[in-house]
Every structure is written in C-alpha cells, then in structure tokens.
2 protein chains.
Amino acid sequence: MSVQGFSSRTDRMLDRADAVCLRRGSRLTDLRRQVLGLVLEAGRPVGAYDLLDKLRTGHKTAAPPTVYRALDFLLEEGLVHKVERLSAFVGCLHELCEEDDGCGHDHSGSHTAQFLICSGCGSATEIDDPSIHASLAAAARRAGFKPHKVTVEAEGLCSLCSAATAARPAARAHG
Amino acid sequence: MSVQGFSSRTDRMLDRADAVCLRRGSRLTDLRRQVLGLVLEAGRPVGAYDLLDKLRTGHKTAAPPTVYRALDFLLEEGLVHKVERLSAFVGCLHELCEEDDGCGHDHSGSHTAQFLICSGCGSATEIDDPSIHASLAAAARRAGFKPHKVTVEAEGLCSLCSAATAARPAARAHG
DNA sequence: TCGATGCTGATATAATATAACGATCGGCCA
DNA sequence: TGGCCGATCGTTATATTATATCAGCATCGA
Ligand SMILES: [Zn+2]
Ligand SMILES: [Zn+2]
Ligand SMILES: [Zn+2]
Ligand SMILES: [Zn+2]
C-alpha cells in the first residue's frame, strides 16, 4: 500500500510495473513499489540517499541497504536505470508509459540505456536510438566483443537550457 | 623526474604528453607526470585509491586530493579517461601512441570516450568509433541537445574471455 | 515438521570523492 | 625591489556512494 500518496499517474505506472513483474514471476513488494514510486515521482535522476530520505518519511527504519536492495531489483527488472555519470537512478518509461503501443524505446538488448543529460536543469532524457544501438553492436562485433550491458550518456545542454543560455549568458535553469 | 622507474615505453609516452601540454600552455608537473605514468603502466582501468597506494611508495605524503587533482588535470587535457561504470581511470592512447600518424581514434569531440569493458579480465578497450559518434550526434541534434561530454561504455566479454568461457563454463580470466 | 528460499531489519564498514585552508613558488608589473 | 596574483601542492577533515554481514520472519513445498 502506498503510504506516500503518489500521483494517480504514478500509481497507474506502478500498477503496470506490478503486472510486468507478475508476468515474469518476480515480486514487486510494497517496499520496491514504494521506491519505484519515489523514483518515478522525481521525474529526473535521483540519488540513492535522496530516495532514502524520502523513504524514511513513511518508513522510519529504512537504511542504505533497504534502498539499494530495492534499486538492485528494479534495475534487474529494467524498471529503472542508473545514470553512471550522476550516480543516480531514473525510471525507465519503456514498460511503464501510458501508450499501449509502446513509446519508441528499443530495449531489445534489455540492459541498455541511452541518456541525454542536461547539466543546466538536471533532466535526463532517455532516447534508445536504434542507430546508436546498431553502430555499437557492429563495432563490438568487429572487435569480437559480446556486450551484455550498454551505457550511453551524453552530458550537455537541453534545448530549453541552450536557448536560455544563448539569451542570457548567466541564465538560471528553466522550470 | 621519475622516482618510480617506468618502462621505456611509458617514458616515451610521458614525453609525448609533456610535449602536448607544452603546446597547449599547460604544465605536466612531476606529480602529474607520475600519476599519468602509473595509469599508463597499469594498462587497464585503475581506481584512484589504487593509484594513491602506488604513488605513496615514492611520495610518502600523498593524500586523496593529491591524486584526484592530478587526475582532474589529466582528464581536462584528455590524457586519461574516466570509466564511469568502474569509477576508474585509464590512459587515452590517442595523443600518446607510438604511431605518428595517429591510432585511428576520433577525438574530434575532444571530451568523448567509448569503451568495451570486459567483465572477465578487466580490460577496457577504447574504440572511438566514428559511426557511433555520428549516430549520437544526429540523435542529439534531433532532440535539440548540445552534447558537451559523451560516454559510451559497453560491459561484456572480450573475444579472449568469450572463447575461454565457451570452452569451460567456469573458466578463469586469461593472462 | 522441516529445510530451502526470498525478503527485510539493523549495524557496521568499505570505497569513492570533495571541502577548506594554508604554504610555496613564479611570473608580472608599479 | 617589493608587492600582488594565480597556479600548484600539503594537510586535515568530511561528504557521498555502496556493500558486508548476520539475524529474523514469512512462504512454500517435501
Ligand atoms: Zn529504458
Ligand atoms: Zn536543461
Ligand atoms: Zn581517448
Ligand atoms: Zn576479457
């Protein structure tokens, strides 16, 4: 049960996650659901200890292993990704998005993630571009390398922050 | 001066690094040269605290900031890369390799790195594939995103480890 | 009933990285 | 010359991220 009171959108996504886990024979327990909810509500990469703080408001006894174990599970299930450059975690919208026909994500390789990380506003947009995926697969094949988990992270400025910076060199982040 | 006694190959690469810095108006100090030498000698990704231990054999007073400051400089100059997945550092062979005609690396974007990381033997091969670079640049452009620093990391099995694993399921790493 | 397995609680610790402040050294110019 | 400034490094302390370990408890099937 959701002690926190997530938004209805988040609750719908959590229900989808629950269904996904059921199909796979894994269990989205209350604790895992709670952590996933916090990640999704954040809407941007969020650190494990930030999650821990939030988790503690409704779960006094939570400790680092509490949140790391939940994150390990969610990573394994592909429900969240880790943004390595930020040591932070973000929800994967692939399985969870509202559209039933999918959202254009490629997750064929399963453990692959591609992010555009804005250093202006802290957003991280998952792209899962098939062309990048193909180029990387080809390069790996030429090297005789068998990829298991692939991380692509571009850090820079999103279109909004880029425009803001062009307008005012010392601009602050957009909403 | 090299207290450690690096291999002659490493010393040649350090001399190249020195020349590169001179051209750019930056200074490869003794300390930075020492740290770069340790990274190059390792020949694989190496953690900051491993470097610190090695550094201390010829430099009793070294502390974490000592090595992190040197690494920051070397990263800035593009002489080393950070492998985010491993929180480890590895030399960039682009400026330093023996062949005068370059070694096929693309470093046009300057702050870009692409690695094939073997979880069997710990090797990390820099590929800098132009096709990956182009795909990513195209995807970023479509999103209105301006990349500043790009990280591509594929973790998996290199050809040697892959062969070893196929032969014996519980094989140990190759040399 | 029993053992195996999976999840959680709880404490402690490891591993990675940075903050802060002062000392030293050189170059540069009044 | 003397003072200033920026870059580098020494030193201590602390912040941040992640894991090890062991115990309790529930669930499930033999
Ligand atoms: Zn995803
Ligand atoms: Zn932005
Ligand atoms: Zn490189
Ligand atoms: Zn290998």
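Values below: all heavy atoms of this structure, side chains included; hydrogens, waters and symmetry mates excluded. Chain identifiers are assigned alphabetically (A, B, ...) following the order of the sequence lines, protein sequences preceding nucleic acid strands; residue numbering begins at 1 within each chain.
Evaluation of the side chain to side chain donor-acceptor pair (under 3.5 Å) rule for B/Thr66 yields no partner, not counting sequence neighbours. Residues satisfying the side chain to side chain donor-acceptor pair (under 3.5 Å) test with A/Ser135, not counting sequence neighbours, are B/Ser131, B/Ser135. Residues passing the salt bridge (Lys or Arg N to Asp or Glu O under 4.0 Å) test with A/Asp18, sequence neighbours excluded: A/Arg33. Taking the side-chain contact (heavy atoms from CB on, under 4.5 Å) definition, one finds that A/Phe73 meets it with A/Cys21, A/Ser26, A/Leu28, A/Arg32, A/Glu77, sequence neighbours left out. The side-chain contact (heavy atoms from CB on, under 4.5 Å) test applied to B/Thr10 returns B/Phe6, B/Ser7, B/Leu14, B/Leu40, B/Glu41, not counting sequence neighbours. By the side-chain contact (heavy atoms from CB on, under 4.5 Å) test, A/Ala143 is found to be paired with A/Phe145, B/Leu116, residues two or more places apart in sequence or in another chain being considered. Evaluation of the ring-ring contact (aromatic ring centres under 6.0 Å, His included) rule for A/Phe115 yields A/His81 as partners, not counting sequence neighbours. Checked against side chain to side chain donor-acceptor pair (under 3.5 Å), B/Ser159 has no partners two or more places apart in sequence or in another chain.
Regarding contacts with the backbone of C/dT16, every side-chain N or O of B/Lys82 stays at 4.0 angstrom or more from both OP1 and OP2. Side-chain nitrogen and oxygen atoms of A/Thr66 include none within less than 4.0 Å of the OP1 or OP2 phosphate oxygen of C/dA10. Side-chain N/O atoms of B/His59 include none lying less than 4.0 angstrom from OP1 or OP2 on D/dC9. OP1 and OP2 of C/dT16 both lie 4.0 Å or more from every side-chain N or O belonging to B/Ser87.
The distance from the CZ atom of A/Arg56 to the NZ atom of A/Lys60 is 11.0 Å, given to the nearest 0.5 Å. The structure places CG of A/Asp15 at 11.0 Å from OG of A/Ser8, a figure rounded to the nearest 0.5 Å.
For residues 142-166 of chain A, the set of pairs meeting the salt bridge (charged side-chain N to carboxylate O under 4.0 Å, His left out) definition, not counting sequence neighbours, comprises A/Arg85-A/Glu155, A/Arg142-B/Asp129.
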- When every nucleotide of nucleotides 25-30 of chain D is labelled 5' to 3' by its protein contacts under 4.0 Å (heavy atoms), B for base, S for sugar-phosphate only, - for none, what sequence of letters results? ------
- Note on the structure: Readout for nucleotides 20-26 of chain C: B = base within 4.0 Å of protein heavy atom, S = sugar-phosphate only, - = neither; 5' to 3' it is B------
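Residue A/Tyr68 contributes atom OH, which lies 16 Å from atom C1' of C/dA12 at whole-angstrom precision. Nucleotide D/dA18 holds its C1' atom 12 Å from the CG atom of A/Leu52, rounded to whole Å. The separation between A/Leu71 atom CG and C/dT8 atom P is 12 Å, rounded to whole Å. Taking atom CZ of residue A/Arg56 and atom C1' of nucleotide C/dA10, one finds them 11 Å apart after rounding to whole Å. Straight-line distance from the CG atom of B/Leu51 to the P atom of C/dA17: 11 Å, rounded to whole Å. Rounded to whole Å, atom P of D/dT16 lies 11 Å from atom CG of A/Asp53. Computed from coordinates, the A/Arg27 CZ to C/dT8 C1' distance equals 11 Å when rounded to whole Å. As rounded to whole Å, 15 Å separates atom P of C/dA15 from atom CG of B/Leu86.
The side chain of A/Ala48 lies closest to D/dA18, out of C/dA17, D/dA18, D/dT8. When distances are taken from the side chain of B/Ala63 to each of C/dA17, C/dC7, D/dT11, the shortest belongs to D/dT11. The A/Thr61 side chain lies nearest to C/dA10 when the options are D/dG10, C/dT8, C/dA10. Looking at the side chain of A/Arg32, the nearest of the listed nucleotides D/dT8, C/dC7, D/dA18 is C/dC7.
At the heavy-atom level, B/Lys60 lies nowhere under 4.0 Å from the strands shown.
In this pair, A/Tyr49 does not lay its aromatic ring on the base of D/dT16; centres under 5.5 Å and planes under 30 degrees do not both hold.
The two atoms that bring A/Asp128 and A/Ala113 nearest to each other are OD1-CA, 4.0 Å, heavy atoms only. Of all heavy-atom pairs between B/Leu75 and B/Val80, the closest is CD2-O, 3.4 Å.
Taken over five-pair windows at either terminus, the axes of the helix from C/dT1-D/dA30 to C/dA30-D/dT1 are inclined to one another by 10° (rounded to 10 degrees).
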